[in-house]
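Here's the structure, in structure tokens; my notes come after.
Proteins get letters first, then strands, A, B, ... in listed order; numbering begins at 1 in each. Remember, it's a predicted structure, so these values are computed and weren't measured experimentally.
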Amino acid sequence: MMEIREKIIESLQEALKKIKVKKYPEVLLERPKERGHGDFTTNLSFSLAKELKKPPQEIAKSLVKHLEARPKIIEKVEEAKGFINFFLAEELLFENLIQILRKEKNYGKSETGKDKRIQIEMVSVNPTGPLHVGHGRGAAFADTLANILEASGYQVEREYYINDIGTQIENLGKSLRARYLELLGEEVEFPEYGYQGEYLIEMAHRLKDREGDKHRKEKIEFFTQYASSDIIEGIRKDLEDSGIRIDSWKKESDLHREGKVKEVIDNLKKKGYLYEREGALWFRSSQFGDEKDRVIKKKDGSSTYLASDIAYHEDKFKRGFDHLVNIWGADHHGYVERLQAAISALGHPKENLDIILYQLVKLSRSGKPVAMSTRKGEFITLREVMDEVGRDVTRFSFCMRSSYSHLDFDLELAKKESPENPVYYVEYAHARISSIFKKAKEKKVKRKKIQEIDLKLLNTPEEKSILKLLALFPDIVTSCAQNYQVHSIPNYLREVASEFHTFYNRHRVLSEDAELTQARLTLVKGIRIVLRNGLRLLGIKAPERM
RNA sequence: GCGCCUGUAGCUCAGUUGGAUAGAGCAUCGGAUUUCUAAUCCGACGGUCGCAGGUUCGAAUCCUGCCGGGCGCGCCA
């Protein structure tokens, strides 16, 4: 479809020359929502009206006069209330259908990001507790976005950054130690900022069952290490079972061990962006748009989380990625500016780092709000939701909404509504088509070669409409990749499924009319390919049968 | 108090860089199948796009103010 857009824009530019307009704004084509307004439309004459001192209608009319219809592309051009509407030639849509069958798995892919390496930092939940629903949203979103970027030709690496050091992790270790000693019958005070969740009690049980009391005298480091790697293992499993791929796991502790944190601090110091005050070392982030300067090394000599994070991003750039994308929960938004400040200070163009925030999930159970806190052990885990409603529903639901929307999630409601989840509507369309092919095989319908099939027989309004819709798929994928959004994919798939179901109810694919049967089999095959490709982007199965 | 996000049908949300008559799903009501899967289809009902101004040919979309909701404002991560 991209080429068509370009061709129309080209003809418009030629027409502009003919009516002697030299200066004109960028020609924008959009897809009208009203069917009667054609397949593409432009408001060009409105933007020209002021300069030419003519009413838009008049400009549009004279442009239309000079727009030669290109028989194989444009069937009709018309002026309407100042807009110029283009109607595509049917042949183009038939040609597109052939392309869909030919490209199959590759239909929807593009080379927008060819030869570009992009890294996505995703999930990166602190290993202090299991993944909860909120994390699940971020993970599903990030994974889908990564799929979309891959489909757009980027070389994508998905990385999980593990904050495996610092006070939180220490508290985790202290908590596990307390639980463990409790089990061994010792009286211990639970740490003030300890993690109170059930999962640590279970972990302590497992430790005791496996290794008895031999860790009674062990130092905190042992428990810290044990607890965090146990939790990481759980997270790894949760992600795997959600179909979420992580290519690389990066530990914060490694950055320290490799001296990268010190290195980056020295580097900033050399550039003159650090200063001392009240015994601490500060970064002049306010010079780069942050609201105030930030501490990078504490009074006690240890470095802050920000220092590690700067080192981490410096490391990513050194690994040669052209572009970095971080998917963060919106609760981290206060952190965006200081990190971007650091990126600029280190001499990287700030456009090379995009931080995409997804809004947090507002959780409730039967209408009652649930405040989630990993520390207090109050949360609904991703695992729980997946067990209750299934992976497909979970992923589809999380990707259906814009990442900016403050999602309401009620577990009871989700359970109740999951049989009605739109994902089944889409999957069902796919299953129905598969069933048609099974039937065709049983009936021994021979498939003709595509060149021999008369696609012009696809002439009902339902068929024409589907053909147009199918042609939009590559544009949808591309625009998702450009805007770092994913929700148009589920919405689009629902539309495709909806049009298919309508078609299915009104017309038969397998009929007495052999020629028509061939044409319609081609059409539904095209639909199936688009559904499959779309579902694959979402990490959801496309069932043959339901 | 300051900052970011957000407010669209009873509910959950779309609405493509400002476009033509604001759309889906769910819910409610009514209808459709001896046919390739009824997890389907068709129809009806449902709106002051939070409120008030402004910008312009044109605003749900941009600007300002107010109101409501979420989140963040540590030498925590």
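The listed nucleotides are B:rC5, B:rA14, B:rU17; the one nearest the side chain of A:His487 is B:rA14. When each of B:rC36, B:rC75, B:rC5 is scored by its nearest atom to the side-chain atoms of A:Lys439, the top-ranked nucleotide is B:rC36. Which of B:rC76, B:rG70, B:rU6 sits closest to the side chain of A:Lys362 comes down to B:rG70. Set against B:rC71, B:rC36, B:rC73, the side chain of A:Val509 has B:rC36 as its closest nucleotide. Picking from B:rG19, B:rA39, B:rC41 the nucleotide with the shortest atom distance to the side chain of A:Asn43 gives B:rG19. Considering only the side chain of A:Lys298, B:rA77 comes nearest among B:rC5, B:rA77, B:rC41. Across B:rA20, B:rG70, B:rA39, the shortest atom-to-atom separation from the side chain of A:His406 is found for B:rG70. Out of B:rA38, B:rU6, B:rA14, the shortest distance to the side chain of A:Tyr428 is found at B:rA38.
Under the 3.5 Å distance criterion, with hydrogens and angles disregarded, no donor-acceptor pair is assigned to the side chains of A:Glu30 and A:Thr42. Side chains of A:Glu463 and A:Thr460: a donor on one and an acceptor on the other come within 3.5 Å.
Of the nucleotides present, B:rA52 is the one that pairs with B:rU64 by Watson-Crick or G-U wobble criteria, both distances under 3.5 Å.
Across all strands, A:Phe46 comes closer than 4.0 Å to base atoms (heavy-atom distances). Residue A:Arg294 is out of contact with every strand shown, counting any heavy-atom pair closer than 4.0 Å. The residue A:Ala280 sits close to a base: some heavy atom pair falls under 4.0 Å. A:Tyr193 comes within 4.0 angstrom of nothing in the nucleic acid, heavy atoms only. In this structure, A:Leu306 reaches neither bases nor backbone, as no heavy-atom distance under 4.0 Å exists between it and the strands shown. Residue-level contact check: A:Ala431 touches the bases, meaning some heavy atom is under 4.0 Å from a base atom. Using a 4.0 Å heavy-atom cutoff across all strands shown, A:Ala429 reaches no nucleic acid atom at all.
In this model, no side-chain donor or acceptor of A:Asp331 finds a partner on the base of B:rA77 within 3.5 Å. Under 3.5 Å, the side chain of A:Ser498 and the base of B:rA24 form no donor-acceptor pair of N or O atoms.
Both the sub-6.0 Å distance and the 45° axial angle are satisfied by A:Lys76 relative to the ring of A:Phe87.
Salt bridge present: A:Asp266 and A:Lys262 bring a charged side-chain N and a carboxylate O closer than 4.0 Å.
Along RNA chain B, the nucleotide nearest A:Glu291 and the nucleotide nearest A:Asp164 are compared for position; the residue whose nucleotide lies closer to the 5' end is A:Glu291. Nearest-nucleotide positions on RNA chain B place A:His37 closer to the 5' end than the other of A:His37 and A:Pro422.
As a whole-Å value, the separation of A:Asn483 CG from B:rU17 C1' is 9 Å.
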